[in-house]
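For reference, the structure discussed in these notes is given below.
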Amino acid sequence: MSKTPQQNTTTDANGVSVIHTPAHTSGLQQVPQLVPVSPGGGGKAVPPSKQGKKSSFVDRNSDEYRQRRERNNMAVKKSRLKSKQKAQDTLQRVNQLKEENERLEAKIKLLTKELSVLKDLFLEHAHNFADNVQPVATETTTTNPEGSGQ
């Protein structure tokens with residue numbers, strides 16, 4: 001006759017079943033086996049926000065419900081105000097950048113016109129300078145290749 005070992009199963013806080021079996025007579029240390037609680041095995045972890053939720057009916061006349069609604073309404077108002085303020089700040093920044101862009105474009109036009117005038121003055125001056133300067137004629141002197149020539 002064979003004797004089956006006695007097993008003890010417990011579930012820990014994480015929902016994992018732990019099977020405890022008595023150690024063998026050979027003196028080996030007992031090692032607990034971890035077994036998932038759900039039959040499908042390793043499913044997805046449930047986020048903490050969903051763990052405590054119950055699908056029971058909530059009394060809409062209770063003080064707790066009213067307080068939660070008030071806190072939620074205040075949070076929604078705060079969020080909407082923050083969003084509206086951010087949109088206004090963005091619009092203000094856009095307007096500032098448009099004004100700065102217009103000023104810079106006007107400055108570019110002014111500097112381009114000034115560059116054109118200065119370039120024309122320079123070219124006129126260079127042309128007049130070239131007309132007034134006589135080219136230096138190089139004299140070719142003939143020397144007597146034989147020396148003194150006397």
So which residues get pulled into Leu123's cluster when ILVMFWY side chains under 4.5 Å apart are joined, directly or through others? Phe122
Donor-acceptor contacts, no H, no angles, side chain residues 73-85, under 3.5 Å, sequence neighbours left out:
unit_1	atom_1	unit_2	atom_2	d
Asn73	OD1	Arg69	NH2	3.4
Asn73	ND2	Arg69	O	3.3
Gln85	NE2	Asp89	OD1	2.9

In a table with atom names and distances, give each donor-acceptor pair under 3.5 Å that connects a side chain of residues 91-116 to protein atoms at least two apart or in another chain.
unit_1	atom_1	unit_2	atom_2	d
Asn95	ND2	Leu91	O	3.4
Thr112	OG1	Ile108	O	2.7

4.5 Å side-chain heavy-atom contact, Asp120 and Glu124: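 They are not in side-chain contact.
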Counting only heavy atoms from other residues, nucleotides and ligands, does the tally under 6.0 Å from CD of Glu64 exceed 12?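 No, not enclosed.
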Asn128, CG atom: more than 12 neighbouring heavy atoms under 6.0 Å: yes
